[in-house]
Amino acid sequence: MRKFILVSVLAALSFSSQGFSQDDLEKFYNQIREKPQVQLSIMNGKVQVINIYKQQIMSLHNSQGKSREERISQFVKDIYFPFQDLWDGFSGEKGFKNWTERSWDNIINPESPGFLIPFQVDFDSVFTATATRLRQMTGREPAGKWYLIYGSKAANMGGAKKYRDVCRFFWHRE
């Protein structure tokens, strides 16, 4: 089942493209504003999809015009603390802040691979369709908590190394 979900999500990620103008980016940010809910619960609550990337994108957008240090501080406040239990499993607050500072130029660059993926793929629909199809194929209900996070190629995509350099999204499953 995990492989089916992985393949479905990676297929959706492969539609990424680049080269959008600032007006296009503003339009995409507005899409996130219109559908800002971070958590999706499907299969009678057995599958939870936490779209942290939506909060990340809004934090980046809302801090435009501030200094680099102010933007990083705001990003840590907006992203680390609401999901502290997840991030503590990786590196804790200090590690998250160090990662953010090290990766900042890639995180904010719309020409970075994967930057525009959340504007091109409706992950809520992908996970809902995948979970539904899994239930139909196996007769079993999928379960788990999945986190979709915009990153800087720090994760190895669960071993899918050929996608690591293309996709800058990673997820963590509890």
Distance in Å, [X] [atom1] paired with [Y] [atom2], rounded so as to fall on 0.5 Å steps:
X	Y	atom1	atom2	value
Asn51	Phe127	CG	CZ	8.0 Å
Asp124	Lys54	CG	NZ	4.5 Å
Ile50	Leu86	CD1	CG	9.5 Å
Met43	Ser41	CE	OG	11.0 Å
Asp78	Met58	CG	CE	10.0 Å
Asn44	Glu141	CG	CD	6.0 Å

Under 3.5 Å, side chain of [X] to main-chain N/O of [Y], donor-acceptor pair present?
X	Y	value
Ser67	Glu70	yes
Ser59	Gln55	no
Tyr53	Leu148	no
Ser73	Glu69	no
Arg135	Pro142	no

Close side-chain approach of Leu40 to Thr128, heavy-atom, < 4.5 Å:
yes
Does the side chain of Val76 reach to within under 4.5 Å of the side chain of Trp87, using non-hydrogen atoms?
no
Please find the pair of heavy atoms, one from [X] and one from [Y], that lie closest to each other, and give the distance.
X	Y	result
Ile42	Ala131	CD1-CB, 3.8 Å
Glu101	Arg68	O-NH2, 3.0 Å
Leu60	Ile108	CD2-CG2, 3.7 Å
Asp88	Gly92	OD1-CA, 3.4 Å
Tyr147	Lys145	OH-CD, 3.2 Å

Can you label the angle between the Trp99 ring and the Phe75 ring as parallel, tilted or perpendicular, going by 30° and 60°?
tilted
Apply side-chain contact (heavy atoms from CB on, under 4.5 Å) to Trp104 and Ile72, showing your working.
CA-CA 8 Å; Trp104 189 250; Ile72 289 172; 3.7 Å; yes
